[in-house]
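The block underneath contains the structure these notes are about, expressed in C-alpha cells.
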Protein chains: 2
Amino acid sequence: MKTLRLTSGDRAILLHSRFFSRLARATVEAILADTTVSTHEEHDVLFREQERIDEVFFVLSGLVRLYRLGKDGREADVAVFQRGDMFGVNAMFLNHRATANAQAAEPSIVARVESRRLSQLAAEETDVAQALLEVVCHHGKMTEDCLADDRLLTAPQRVANYILSHCPNGSETFSFRLPFQKNVLAGKLGLAPEALSRAFSMLRPSGVVVKGRVIEIRNRQALEEF
Amino acid sequence: MKTLRLTSGDRAILLHSRFFSRLARATVEAILADTTVSTHEEHDVLFREQERIDEVFFVLSGLVRLYRLGKDGREADVAVFQRGDMFGVNAMFLNHRATANAQAAEPSIVARVESRRLSQLAAEETDVAQALLEVVCHHGKMTEDCLADDRLLTAPQRVANYILSHCPNGSETFSFRLPFQKNVLAGKLGLAPEALSRAFSMLRPSGVVVKGRVIEIRNRQALEEF
DNA sequence: CGCAAACTTGAGTATAGTCAACTTCCGTGG
DNA sequence: CCACGGAAGTTGACTATACTCAAGTTTGCG
C-alpha cells in the first residue's frame, strides 16, 4: 500500500534523523525529491534475506524488525528500528543484497530512497558519504553491543541494562513506557518471551515494577549492580 | 616496539586489502606516506574500550582480537582480524572512541594510519569514503553474522559452519589448517575452549577429523545437515 | 461483555559454562 | 637427540541458564 508524497510531519522526522541532520538543506531536498512512502500492516515483510534491494529505508512511524532465519525456521532478530531510523544502507555496499529479513513489527510507515541515486550522490558530495559512514558505524556499534551483551550478560542483566539505557542520567527513581510489545523486546534482547517475563520477575526484588507496558524503577542503584 | 618503515612485503599485503585495493595508486601512496608500523608480543594490548584512538590499523602479520570486558572481567570477542584486515575504522566516526579492546592474539605486526589524515582524505576524495564504506559495511555484516549464529546455532553447528566456510566450493572431501589456536577459534565462535573441544568430538561421527591444527573433512554433506 | 492475543508461570529438558583432572603437544635446554 | 616442563587441549562431573511445551492469567479491543 503506497502513499504518494511525504507529509510535512514526515519531513520533520527525516530532518532530525542521524542521516539527514548532517546534510545541507539543498542536499536534503535533492534526496527527498524522489522519496516515496509506503504503509505496512503488522507482519508485512519489506524484504527478505539475500534478496536484491535497490532502496534505502527510513521508519516514519511504527517499528521494523530485521531478523535472520535459521534452517528450522526459527527467527533471530539482528536489529529493531524505530521512528527516524535508517536501514538497508549496508546492502548498498554489499552487492545490493539484503543480509536479513525486514518485517513491520506493528503497523508502520516507511520512506524509501532509491539507493542508486543515493550512492551517486555519495560519490559526488563527500558530506553525503560522511553521513552514510556515521549511520553505518553507529549501526555497527549497536550490533556489536548486542553481540557483547549476549555473550557477557544473563537475561536479567540484559533487561536491567535495557532499562538503564532508558534512564534519564542521574535520577535514582523513574519510570517509562516500553516503545513496543514485550514480544519485540524479547526478540531484540535475544530472549524467548518467557525468559523476558522471568527476567522481569527476578528484577522485582530490585525495585522494578512492570504494569502493562509501563516500567517503574524504584532503585536504580540495585539495577546497576545486578 | 616500533619499526620505522614499511617493507615491500608489507606494501603488497596492504595493496591487496579490501580498503587499498579500491583506491587509485596515487591515493594509496598519499596514505602510505605517513604509515607507521609496530610489532607486538602475544597478549599486547593495542588499545582499550572507551579509549581515544587517533589511528586506523591494518594487520600485516599475526592476529588481533577485539573484545569487550564484562563487569566480572570476563572477555567476549567481537571480532578477530588477520593479515590484510583493517580495524579501528568505526572509531573514526564514533568520537574517536574505541568500542572494544584490541589485543595481539599472537606475535603480530600492525600498520597504522593517522585517522585525522584519513578522514581528511575521505572528505576530499569520494573513492576513499567509498572504500571506507565498503570496509565498514563488510565488518558490520561479519558482526551481524556472528550475532545471528550465536542466536540460531548450537556449538557444533557453529563449528560445522566455520569449517564449511573454509571449504573450497564443491569439493566433498577436503582438509585445511586452522589459522590460529583453538583457543582463539573458541573465542571467535563465542564458546568456552571446552565447548569447542566437545563440539569437535560431536562432529567426529560426521567425518570431521582433528589432528592438532589440521582439520580433515570426509563427508561434507553430513556437515551441512548438522 | 466476550473473545483473542499477549503475557505469565510452572515443570521438564537441553545446552553450554565451570572446575578439576588428565593427556597431548611443543619448544627449550641439556 | 632426548628429556623436561609448561602451555594447550581434552574429558568428566556438576551446575546454571534459558528453551520448550503446556496451562493458566491478564489485557485490550471490538
Side-chain angles (χ1 to χ4, degrees), chain A residues 41-43 63 65 70 72-77 105-107 146-162 177-205 208-215 226, chain B residues 41-43 63 65 70-77 105-107 146-147 149-162 177-205 208-215 226:
Chain A
E41 315 264 319
E42 187 170 349
H43 299 135
L63 207 65
R65 195 169 76 89
D72 50 1
R74 271 168 49 241
E75 303 180 349
D77 288 23
E106 53 182 66
C146 219
L147 180 63
D149 287 352
D150 269 27
R151 291 184 170 178
L152 289 171
L153 306 178
T154 65
Q157 287 174 326
R158 294 202 290 252
V159 175
N161 232 18
Y162 176 81
R177 192 182 160 74
L178 288 176
F180 33 63
Q181 287 194 152
K182 297 213 181 91
N183 232 336
V184 177
L185 178 58
K188 187 177 149 84
L189 298 178
L191 296 173
E194 297 94 326
L196 177 64
S197 245
R198 286 188 237 276
F200 276 131
S201 299
M202 298 212 223
L203 293 177
R204 199 169 9 248
V208 175
V209 182
V210 181
K211 270 202 220 100
R213 277 203 196 172
V214 178
I215 313 282
F226 209 94
Chain B
E41 314 265 320
E42 187 170 350
H43 301 134
L63 208 63
R65 195 170 76 89
K71 279 199 300 237
D72 50 2
R74 272 168 48 239
E75 302 180 351
D77 287 23
E106 52 183 67
C146 217
L147 180 63
D149 287 352
D150 269 27
R151 291 185 171 180
L152 290 171
L153 306 179
T154 65
Q157 288 174 325
R158 295 204 288 255
V159 175
N161 233 17
Y162 175 81
R177 193 183 159 76
L178 287 176
F180 32 63
Q181 289 194 153
K182 298 215 182 90
N183 232 336
V184 176
L185 178 58
K188 187 177 150 84
L189 298 179
L191 296 173
E194 296 93 327
L196 177 64
S197 246
R198 286 188 239 275
F200 275 131
S201 299
M202 298 214 225
L203 293 177
R204 196 167 12 245
V208 175
V209 181
V210 181
K211 268 203 222 99
R213 277 202 196 174
V214 178
I215 314 283
F226 208 94

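A note on names: the letters A, B, ... follow the listed sequences, proteins ahead of strands, and every chain is numbered from 1.
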Would you say B:Lys182 reaches D:dT10's phosphate, i.e. side-chain N/O to OP1/OP2 under 4.0 Å? yes
Assign each of A:Leu153 and A:Lys211 the nucleotide of DNA chain D bearing its closest heavy atom; nearer the 5' end lies the nucleotide of A:Leu153
Counted 5' to 3', the first and last nucleotides of DNA chain C within 4.0 Å (strictly under) of a heavy-atom of chain B are C:dA16 to C:dC19
Short question: side chain of A:Lys188, backbone of A:Cys146 - any donor-acceptor pair under 3.5 Å? no
Any N or O donor-acceptor pair under 3.5 Å from the base of D:dG12 to the side chain of B:Arg198? yes
For A:Leu191, which contact category applies under a 4.0 Å heavy-atom criterion: base, sugar-phosphate, or nothing? sugar-phosphate
Students often get this wrong, so: under 4.0 angstrom with heavy atoms, is A:Arg213 touching a base, only sugar-phosphate, or nothing? nothing
Give me the one residue out of A:Leu189, A:Ile215, A:Val208 that meets side-chain contact (heavy atoms from CB on, under 4.5 Å) with A:Val159. A:Leu189
Any carboxylate oxygen within less than 4.0 angstrom of a Lys/Arg side-chain nitrogen, looking at B:Arg158 and B:Asp149? no
Counting only heavy atoms not in B:Glu42 (residues, nucleotides, ligands), do more than 12 fall under 6.0 Å from its CD? yes
What is the distance, to the nearest angstrom, from the CG atom on A:Leu152 to the P atom on D:dT17? 15 Å
For a quick check of understanding: with a heavy-atom distance under 4.0 Å over all strands, which category does B:Glu194 fall into, base, sugar-phosphate or nothing? base
Ranking A:Gly212 and A:Leu196 by the position along DNA chain D of their nearest nucleotide, the one closer to 5' is A:Leu196
Using whole Å, what does the distance between atom P of nucleotide D:dA18 and atom CG of B:Asp150 come to? 14 Å
D:dG6 P sits how many Å from B:Glu42 CD, rounded? 17 Å
